[in-house]
Amino acid sequence: MTAVSDVTDTISALRREVCALHEQLTRYQLVVWTAGNVSARVPGHDLLVIKPSGVSYDDLTPDNMVVCDLDGRVVEGEHAPSSDTEAQAYVYREMPHVGGVVHTHSTYATAWAARGEAVPCVLTMGADEFGGEIPVGPFAIIGDDSIGRGIVDTLRDSRSPAVLMRNHGVFTIGPTARAAVKAAVMCEDVARTVHVARQLGKPVPVAQHHVDALFDRYQNVYGQR
């Protein structure tokens, strides 16, 4: 019995979820053409579900999502997987708590990445979602696990679920694929607002004790429990 046949129902549900979550990337204008992707870990198995490479968002279906192992090899699917597959597989291997990874080239956040500059924590939203600044990761070449190594090295000891990979774009992580998409949406919103604030003057940093309190409240108290 194959690894996939053991978890057919779970993978089918994740195919539907990952496909639907790509609609959020276009809804919030985080991607253009075929750029960007969402992936999800298959719980309890060394597998992930990810977008096929170079396929239009309008043409995405649950059936053309690709199942790969955590070395980036295709296990199930008729399409080649995203060019970010090896990088994201590395994240899943090295960070067992991560259940979803998202990649975008959203305009404002990527503009910070182009400058190699972290987005400072000058907003309560930045404290809530990211627990401080949104950090910058190293420049890395696309196509192998180099980007994954940069993501892990940058986020391993950070509270931020987002990293701005220098000269490239945004990668976000989360306990679920949906949480990683949310982090990508919030990253762009914070990056845009801080950019505008800089045009008006010098943004005022949030004091560290307030950052810690805001982060704790948002992560552990805010919303429905």
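- No more than 12 heavy-atom neighbours from other residues, nucleotides or ligands sit within 6.0 angstrom of CD on Gln29.
- With hydrophobic clusters built from ILVMFWY side chains whose heavy atoms lie under 4.5 angstrom apart, Val181 does not share a cluster with Leu155.
- Atoms CZ and CG, on Arg217 and Asp128 in that order, are 6.5 Å from each other to the nearest 0.5 Å.
- Each of Val75, Val49, Leu70 was compared with Val42 under the side chain to side chain contact (heavy atoms under 4.5 Å, CB included) criterion, and only Val49 meets it.
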Determine, step by step, whether Met95 and Ile173 satisfy the side chain to side chain contact (heavy atoms under 4.5 Å, CB included) criterion, reporting the C-alpha distance in whole Å, the side-chain angles of both residues, the deciding distance to 0.1 Å, and the verdict.
CA-CA 10 Å; Met95 305 181 84; Ile173 60 175; 4.0 Å; yes
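- Counting heavy atoms of neighbouring residues, nucleotides and ligands inside a 6.0 Å radius, atom CG of Asp9 does not exceed 12 of them.
- Asn64 places a side-chain N or O within donor-acceptor distance of the main-chain N or O of Thr61, the cut-off being under 3.5 Å.
- The CD1 atom of Ile134 sits 10.0 Å away from the OG atom of Ser158 when rounded to the nearest 0.5 Å.
- The two atoms that bring Thr104 and Ala184 nearest to each other are CG2-CB, 4.2 Å, heavy atoms only.
- With sequence neighbours excluded, the residues that form a ring pair (Phe, Tyr, Trp, His ring centres under 6.0 Å) with Tyr222 are Tyr218.
- Rounded to the nearest 0.5 angstrom, Ile147 CD1 and Glu86 CD are separated by 10.5 Å.
- No more than 12 heavy atoms of other residues, nucleotides or ligands sit less than 6.0 Å from atom CD of Gln224.
- Distance check: Phe130 CZ to Cys187 SG gives 5.0 Å after rounding to the nearest 0.5 Å.
- Nearest approach of Gly169 to Ala113, heavy atoms of both residues: N-CB, 4.4 Å.
- Ring planes of His105 and His168: tilted class, angle from 30 to 60°.
- The OG1 atom of Thr176 sits 10.5 Å away from the CG atom of Leu14 when rounded to the nearest 0.5 Å.
- Linking ILVMFWY residues whenever their side-chain heavy atoms come closer than 4.5 Å, directly or via other members, leaves Val194 and Tyr108 in distinct clusters.
- The list of salt bridge (charged side-chain N to carboxylate O under 4.0 Å, His left out) pairs with a residue in residues 18-29, not counting sequence neighbours, is empty.
- Residues Val101 and Val18 fall into different hydrophobic clusters, defined by Ile, Leu, Val, Met, Phe, Trp and Tyr side chains chained together at heavy-atom separations under 4.5 Å.
- Sorted by first and then second residue, the salt bridge (charged side-chain N to carboxylate O under 4.0 Å, His left out) pairs with a member in residues 64-74 read Asp69-Arg73, Asp71-Arg73, Asp71-Arg93; sequence neighbours excluded.
- The ring pair (Phe, Tyr, Trp, His ring centres under 6.0 Å) check on His210 picks up nothing, with sequence neighbours excluded.
- Sorted by first and then second residue, the ring pair (Phe, Tyr, Trp, His ring centres under 6.0 Å) pairs involving residues 13-37 (not counting sequence neighbours) are His22-Tyr57.
- The backbone N or O of Val170 lies less than 3.5 Å from a partner atom in the side chain of His103, making a donor-acceptor pair.
- Taking both residues in full, the closest heavy atoms of Ala197 and Pro203 are given as CB-CG, 4.0 Å, listed atom of the first, atom of the second, then distance.
- Between Gly100 and Ala180, the closest heavy-atom pair is O-CB, 3.6 Å.
- The salt bridge (charged side-chain N to carboxylate O under 4.0 Å, His left out) analysis of residues 185-196, with sequence neighbours excluded, yields the pairs Asp189-Arg192.
- In terms of modelled atom types and a separation under 3.5 Å, the side chain of Lys51 and the main chain of Thr34 share a donor-acceptor contact.
- In this structure Arg15 satisfies the salt bridge (Lys or Arg N to Asp or Glu O under 4.0 Å) test together with Glu76, sequence neighbours excluded.
- Considering every non-hydrogen atom in both Leu60 and Met65, the closest pair reads CD2-CE, 3.8 Å.
- Under a 3.5 Å cut-off, the side chain of Asn37 and the backbone N or O of Pro81 do not form any donor-acceptor pair.
- By the salt bridge (Lys or Arg N to Asp or Glu O under 4.0 Å) test, Asp63 pairs with no residue at all, sequence neighbours left out.
- Cluster note: Phe215 groups with no other residue, as no ILVMFWY side-chain heavy atom lies under 4.5 Å from it.
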For Val185 and Gln24, run side chain to side chain contact (heavy atoms under 4.5 Å, CB included): C-alpha distance rounded to whole Å, both residues' side-chain angles, the deciding distance at 0.1 Å, then the answer.
CA-CA 9 Å; Val185 173; Gln24 301 302 311; 5.6 Å; no
Test side chain to side chain contact (heavy atoms under 4.5 Å, CB included) on Val91 and Phe171; report intermediate values, then the result.
CA-CA 11 Å; Val91 174; Phe171 285 83; over 6 Å; no
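- Cluster partners of Leu214, by chain and number: Val206, Val211. The rule joins Ile, Leu, Val, Met, Phe, Trp and Tyr whenever side-chain heavy atoms lie under 4.5 Å apart.
- Distance check, rounded to the nearest 0.5 Å: CD1 of Ile50 to OH of Tyr92 gives 7.0 Å.
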Let me have the donor-acceptor pairs involving side chains of residues 116-126, under 3.5 Å, with sequence neighbours excluded, atom names and distances please.
unit_1	atom_1	unit_2	atom_2	d
Glu117	OE1	Arg115	NE	3.2
Glu117	OE1	Arg198	NH1	3.3
Glu117	OE2	Arg198	NH1	2.9
Glu117	OE2	Arg198	NH2	2.5

Donor-acceptor pairs under 3.5 Å, side chain of residues 160-167 to any protein atom, not counting sequence neighbours: which ones?
unit_1	atom_1	unit_2	atom_2	d
Ser160	OG	Ala162	N	3.0
Ser160	OG	Ala162	O	2.7

